[in-house]
Enquirer: 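Structure below; questions to follow.
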Amino acid sequence: MFDTLPDRVSIYEVSLRDGLQNEPVIVPTTKKLRLLEALVAAGLSRIEMTSFVSPKWVPQLADADELTPLVERRPGVTFSALCPNEKGLERAIASKIEEIGVFISASETHNKRNVNKTIDETLATFVNVIAGARKADIKVRGYVSTLWGCPFEGKIDPHRGLDIARKLIGMGCYQVSLGDTIGVGTPRQTQEIVKLFLAELRPEQIALHLHDTRGTALANVLVGLECGVRDFDASVGGLGGCPYAPGAAGNLATEDLVYTLHGMGVRTGIDLDRLWEAGKVAESVVGRSLPGKVHQAGVRSLRS
Ligand code: HMG
Ligand code: MG
């Protein structure tokens with residue numbers, strides 16, 4: 001095991017979006033900016049900062065149009081936002097964001113609850129959204145949710161997710177992030193899913209987006225790494241959850257991922273001390289203690 005570890009992996013930070021969308025409090029824009037700056041200072045270079053979804057559906061991110069222009073753009077850092085439809089794309093273009101994420105579920109029931117459309121209707125919407133984004137020189141990433149299991153339908157046939165991912169890539173997504181939305185996945189299942197996708201897609205075309213509800217996310221990352229995945233989503237402190245997927249707890253904590261990768265000699269470009277400090281900022285911004293293990297244990301104690 002671990003004979004073919006990469007030198008480096010890419011981490012896609014989702015705390016400002018996946019994290020804050022699921023908080024009971026609405027975090028003020030200025031505090032979001034403080035967290036964003038702490039994440040950039042830690043070396044994160046791919047940061048999903050908000051969503052251009054309906055403010056009625058996700059009031060926590062209703063300030064997306066105000067937040068996005070306030071963020072200083074810098075070379076080497078990509079900022080992105082979720083975008084469900086053409087109205088979202090108009091907002092994304094107006095805000096001059098460089099990347100959007102379209103999202104869809106492998107489960108019909110979760111998709112309907114999340115975006116009020118069937119899977120086919122959602123894919124039809126994406127044709128114009130993705131083409132419009134590409135025309136505006138905006139990169140597009142895709143998400144396929146509930147691949148490991150759905151809170152309404154239970155086990156999902158991963159072939160359904162692969163069929164959707166194939167269509168998203170065909171429409172112009174550069175990468176599809178495979179979502180264990182409610183954190184039910186276990187390692188052998190992860191191996192089956194990842195191998196199925198990698199039989200058809202190149203490693204750089206997939207990422208893993210693992211919620212850590214049952215403590216299996218890191219184990220699933222290790223399986224993904226072994227199979228050739230090089231892109232992982234994570235959220236500082238372990239913030240996160242989908243408001244339209246009951247039981248979806250926090251994402252894999254970025255600190256836990258970085259600590260584990262660095263310990264195995266895999267580079268991330270992230271400074272773990274500063275990342276830990278960003279976790280403290282996240283904690284103060286949401287006003288509650290966060291579940292990440294490294295966040296709780298600290299990093300400095302290791303060196304004394
Ligand atoms: P709808 O109500 O069916 O929308 O919602 P509609 O098209 O019928 O429009 C109704 C009203 O919403 C209209 O306004 C539209 O203008 C407005 P009105 O005429 O009533 O004043 N509207 C919008 N406003 C702002 N921005 C927009 C927009 N679109 C319509 N983009 C919709 C459909 C998709 C908008 C809604 O269902 C929605 O916003 N859903 C978002 C749900 C969401 O954000 N879920 C969490 C993210 S997914 C996730 O967390 C999973 C992930 O992390 C991966 C994983 O973990 O697996 C990505
Ligand atoms: Mg998620």
Side-chain angles (χ1 to χ4, degrees), residues 12-23 48-66 68 80-95 97 100-107 110-119 121-126 128-129 132-133 140-152 156 158 161 164-165 168 173 175-185 193 206-213 217 220 232-235 238-254:
Y12 194 88
E13 173 64 33
V14 296
S15 53
L16 283 156
R17 192 279 302 170
D18 203 327
L20 298 188
Q21 75 183 11
N22 207 42
E23 287 298 310
E48 193 170 65
M49 61 169 156
T50 188
S51 295
F52 294 111
V53 297
S54 160
K56 287 190 191 127
W57 284 62
V58 184
Q60 294 91 333
L61 305 181
D63 64 347
D65 307 272
E66 288 82 58
T68 319
S80 59
L82 285 192
C83 173
N85 54 19
E86 288 191 65
K87 168 96 184 160
L89 178 64
E90 276 170 32
R91 296 171 64 199
I93 291 173
S95 76
I97 199 135
I100 57 166
V102 294
F103 55 102
I104 183 166
S105 183
S107 128
H110 176 252
N111 199 65
K112 185 79 182 163
R113 301 260 185 135
N114 202 32
V115 292
N116 201 24
K117 288 190 182 68
T118 65
I119 289 174
E121 286 164 351
T122 307
L123 286 168
T125 302
F126 288 168
N128 285 344
V129 171
V140 188
R141 191 171 189 250
Y143 284 98
V144 180
S145 294
T146 67
L147 259 173
W148 278 254
C150 168
F152 310 107
I156 297 294
I164 294 169
L168 294 179
C173 289
Q175 182 173 76
V176 175
S177 185
L178 312 180
D180 183 4
T181 315
I182 52 169
V184 286
I193 292 174
I206 69 168
L208 296 185
H209 177 101
L210 304 166
H211 285 259
D212 200 24
T213 320
N220 292 326
F232 298 92
D233 298 1
S235 175
L239 276 168
C242 175
Y244 297 100
N251 285 79
L252 169 61
T254 317

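Counting convention: from 1, in listed order, for ligands and their atoms alike. Everything numeric here is computed off the predicted structure, so don't read it as measured data.
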Enquirer: Which bit of Lys117 gets closer than 4.0 Å to ligand 1, counting heavy atoms only: side chain, backbone, both or neither?
Expert: neither

Enquirer: Is a side-chain donor-acceptor pair under 3.5 Å present for Asp18 with Ser235?
Expert: no

Enquirer: Considering only N, O or S atoms, which atom of His211 is nearest to the Mg ion (ligand 2)?
Expert: NE2

Enquirer: Which ligand 1 atoms does Asn116 reach within 4.0 Å, using its non-hydrogen atoms?
Expert: 1 (P), 3 (O)

Enquirer: Starting from atom 26 (N) of ligand 1, which protein heavy atom do you reach first, and at what distance in Å?
Expert: Arg91 NH1, 2.9 Å

Enquirer: Distance under 4.0 Å to a non-hydrogen atom of Phe52: what atoms of ligand 1 satisfy this?
Expert: 26 (N), 27 (C), 31 (N)

Enquirer: Determine, using heavy atoms of Lys56 and all atoms of ligand 1, whether some pair is separated by less than 4.0 Å.
Expert: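 Yes.
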
Enquirer: Is there a protein heavy atom less than 4.0 Å away from atom 6 (P) of ligand 1?
Expert: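 No; the ligand atom in question lacks any protein heavy-atom contact below 4.0 Å.
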
Enquirer: Do any nitrogen or oxygen atoms of Gln21 lie less than 3.5 angstrom from nitrogen or oxygen atoms of ligand 1?
Expert: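 Looking only at distances, the answer is yes, because the N/O contact criterion of under 3.5 Å is met.
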
Enquirer: For ligand 1, which atoms sit closer than 4.0 Å to a heavy atom of Asp18?
Expert: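 It comes down to these atoms of ligand 1: 53 (O).
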
Enquirer: Could you verify whether a donor N or O on one side chain and an acceptor N or O on the other, from Ser145 and Asn114, lie under 3.5 Å apart?
Expert: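 No pair is found: no donor N or O on one side chain lies under 3.5 Å from an acceptor on the other.
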
Enquirer: Tell me which part of Arg17 gets within contact of ligand 1: side chain, backbone, both or neither, using heavy atoms under 4.0 Å.
Expert: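 Answer for Arg17: side chain.
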
Enquirer: At the Mg ion (ligand 2), what's the angle from Asp18 OD2 to His209 NE2, rounded to 10 degrees?
Expert: 90°

Enquirer: Mark up the atoms of ligand 1 that fall under 4.0 Å of a heavy atom belonging to Asn85, in ascending order.
Expert: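 Reading through ligand 1 atom by atom, the close ones are 27 (C), 28 (C), 29 (N), 30 (C), 31 (N), 35 (C).
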
Enquirer: Could you list the atoms of ligand 1 found under 4.0 angstrom from a heavy atom of Val58?
Expert: 43 (C), 44 (O)

Enquirer: Quick check: Phe103 and ligand 1, any N/O pair under 3.5 Å apart?
Expert: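 There is no such contact.
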
Enquirer: So if I count the atoms of ligand 1 from 1 in the order they appear, which ones are less than 4.0 Å from some heavy atom of Leu82?
Expert: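 In order of number, 47 (C).
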
Enquirer: At the 4.0 Å heavy-atom cut-off, does Pro55 count as touching ligand 1?
Expert: yes

Enquirer: Does the protein place a non-hydrogen atom closer than 4.0 angstrom to atom 11 (C) of ligand 1?
Expert: no

Enquirer: Quickly, which of Leu147, Leu178, Val176, Val14 forms a side chain to side chain contact (heavy atoms under 4.5 Å, CB included) with His209? Name it, please.
Expert: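 When Leu147, Leu178, Val176, Val14 are each tested with His209, the side chain to side chain contact (heavy atoms under 4.5 Å, CB included) holds only for Val14.
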
Enquirer: Give a yes/no verdict on a cation-pi contact between Arg17 and Tyr143, requiring under 6.0 Å between NZ or CZ and the six-membered ring centre and an angle within 45° of the axis.
Expert: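 Yes.
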
Enquirer: So which heavy atom in the protein is nearest atom 57 (O) of ligand 1, and how far is it from that ligand atom?
Expert: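 Heavy-atom neighbour on the protein nearest atom 57 (O) of ligand 1: Thr181 OG1, 2.6 Å.
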
Enquirer: Do any nitrogen or oxygen atoms of Ser145 come within less than 3.5 Å of a nitrogen or oxygen of ligand 1?
Expert: yes

Enquirer: Under 4.0 Å from a heavy atom of His211: give me the atoms of ligand 1 that qualify, with their elements.
Expert: 56 (O)

Enquirer: Using a 4.0 Å heavy-atom cut-off, which part of Val14 comes near ligand 1: side chain, backbone, both, or neither?
Expert: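 No part of Val14 is near ligand 1 at this cut-off.
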
Enquirer: Taking heavy atoms and a distance under 4.0 Å, where does Pro84 meet ligand 1: side chain, backbone, both or neither?
Expert: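 Only the side chain of Pro84 comes within reach of ligand 1.
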
Enquirer: Kindly identify the option in Arg141, Lys87, Lys112 whose heavy atom sits closest to atom 28 (C) of ligand 1.
Expert: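 Minimum heavy-atom distance to atom 28 (C) of ligand 1 goes to Lys87.
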
Enquirer: With heavy-atom distances below 4.0 Å as the criterion, list the atoms of ligand 1 near Asn114.
Expert: 37 (O), 40 (N), 41 (C), 42 (C), 43 (C), 45 (N), 46 (C), 48 (S)

